[in-house]
Each structure stands twice: as C-alpha cells, then as structure tokens.
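Down below is the structure, laid out as structure tokens.
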Amino acid sequence: MASWQGNVALVFATAALGITLYNQFGASKPLNKPQPAKYDFSSVSGSVPLEDRENLVALHGYILDLETRINALEQSSPKIEPTLIAEQIDKVIEQREKERIAEATKRNPSVNWFRNLPDDYRQRIKADQHYANKSINDAFSALLNINNSDDDRLAAYGQLKMTLGMLRRDSR
C-alpha cells in the first residue's frame, strides 16, 4: 500500500515541476502595467449558450471599464515629496513641544525660569565669579521684590538655591 502512495506523490511532484517550468520559461509575460485583455467572442464555439456568451461579453466590458478606471487613478494620484512630509512632521513635533511646555508651566509656573537658563549655566557659574555673583544678586533682588508675583518670587528662590548649591555656599 505504501508503494502506490509513493507513486501518487511522485506523479504530483512531477506535475508540479512541469507546471512550474512551463510558467517560468514558457509563459513569461512582462510585469509592466497590465494591458486590457482582448478576446474575440465571435469565435466562441456553439456549445456555449447564448445567455452565457452575453454574460461573458458584459463581464469583459466591466473588466475593461475597471482597468481604465485603475489606470486613470494611477495617473492622477498625487505625488508626495519627502521634504514636505519632513516639514509637516517637524511642525507637529514643535507644536507638541510647545503644548507640553505650556502645560508644565501651567502646572508649576515657578520652574519656568529653568528653561530660560543658558546651556552652559553650570560651567559659567563655577568658572566666572563675577557671573555667579551677578546671578545670585539678581535672584536675591527678585526674591525680595514685593511687586513680583508669588510664582516669580518662588522661581527666584529656586534659582538662588540652585546657584548657591552649585557653589556649595550656605543659603543663609
């Protein structure tokens, strides 16, 4: 019983190999845009009923119409430039960053001063004694100014505390 199953498997494998070779070498068609199929329905043998021939003609017309629509859509599709996409992405990122900063400032307005510090603030405070003294005096005067809002005075206190902490000075 095993030999007939092996023979059947061998026949199927041979048939599959034959079909693959035929499709690979015998029926190679260019893979460019599909061209509408041309079929002469007048040569359909008399064995096909007239109703089926009419249905085939109607389906063929429908297929040709669909192929025409697809080609028209492919030609009219908008081309999107990568630079335009990159610009839009940058705008969205910038807008979200602004919204995030606005939300953080709304939640805690006293830390807004921290965003306005220069990138090299820590190095300048430690290296330049004049800059450190000016920063401490500005923060101290803002802290003592009664005309400033509570948030501004709290921000000045935070800046003064941070600057003195960097310099390891006593805040008293």
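All values derive from a computational prediction rather than experimental measurement.
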>> Just verifying a value: how many Å separate Leu167 CG and Met162 CE, rounded to the nearest 0.5 Å?
In response: 10.0 Å
> Should Gln159 and Asp138 be marked as a side chain to side chain contact (heavy atoms under 4.5 Å, CB included) after you check the CA-CA gap, both sets of side-chain angles, and the distance that decides it?
Replying inline: CA-CA 10 Å; Gln159 183 177 3; Asp138 289 345; over 6 Å; no
>> Hydrophobic cluster membership, with links at side-chain heavy-atom distances under 4.5 Å among I/L/V/M/F/W/Y: are Ile93 and Ile85 in one?
In response: yes
> Tell me, do Ile125 and Arg122 make a side-chain contact under 4.5 Å, heavy atoms counted?
Replying inline: no
>> If I take atom CG from residue Asn71 and atom OG from residue Ser76, how far apart are they, to the nearest 0.5 angstrom?
In response: 10.5 Å
>> A quick test of your reading: do over 12 heavy atoms of other residues, nucleotides or ligands sit less than 6.0 Å from OH of Tyr121?
In response: yes
> Between Ala142 and Ala156, which heavy-atom pair has the shortest distance, and what is it?
Replying inline: CB-CB, 3.6 Å
> Taking side chain as C-beta onward, heavy atoms only, is Asp90 less than 4.5 Å from Glu94?
Replying inline: no
> Taking it one step at a time, do Asn133 and His130 satisfy side chain to side chain contact (heavy atoms under 4.5 Å, CB included)?
Replying inline: CA-CA 5 Å; Asn133 287 335; His130 177 70; 5.8 Å; no
> Charged N to carboxylate O below 4.0 Å: is that the case for Glu103 and Arg100?
Replying inline: no
>> Let me confirm one number: the OG1-NZ distance from Thr163 to Lys134, rounded to the nearest 0.5 Å.
In response: 11.5 Å
> When rounded to the nearest 0.5 angstrom, what is the spacing between CG in Leu56 and CD1 in Ile63?
Replying inline: 9.5 Å
> In the single-linkage hydrophobic clustering (I, L, V, M, F, W, Y; side-chain heavy atoms under 4.5 Å), do Leu117 and Ile101 co-cluster?
Replying inline: no
>> Let me confirm one number: the CG-OG1 distance from Leu73 to Thr68, rounded to the nearest 0.5 Å.
In response: 11.0 Å
> Do Leu144 and Tyr157 belong together in a cluster built from hydrophobic side chains that touch within less than 4.5 Å?
Replying inline: yes
> Which distance, rounded to the nearest 0.5 Å, do you find between the NZ of Lys126 and the CG of Asp120?
Replying inline: 13.0 Å
> Which atom pair, heavy atoms only, marks the closest approach of Arg124 to Pro118?
Replying inline: NH1-CG, 4.2 Å
>> Under the rule for side-chain hydrogen bond (donor to acceptor under 3.5 Å, both in side chains), what residues qualify as partners of Asn145, not counting sequence neighbours?
In response: none
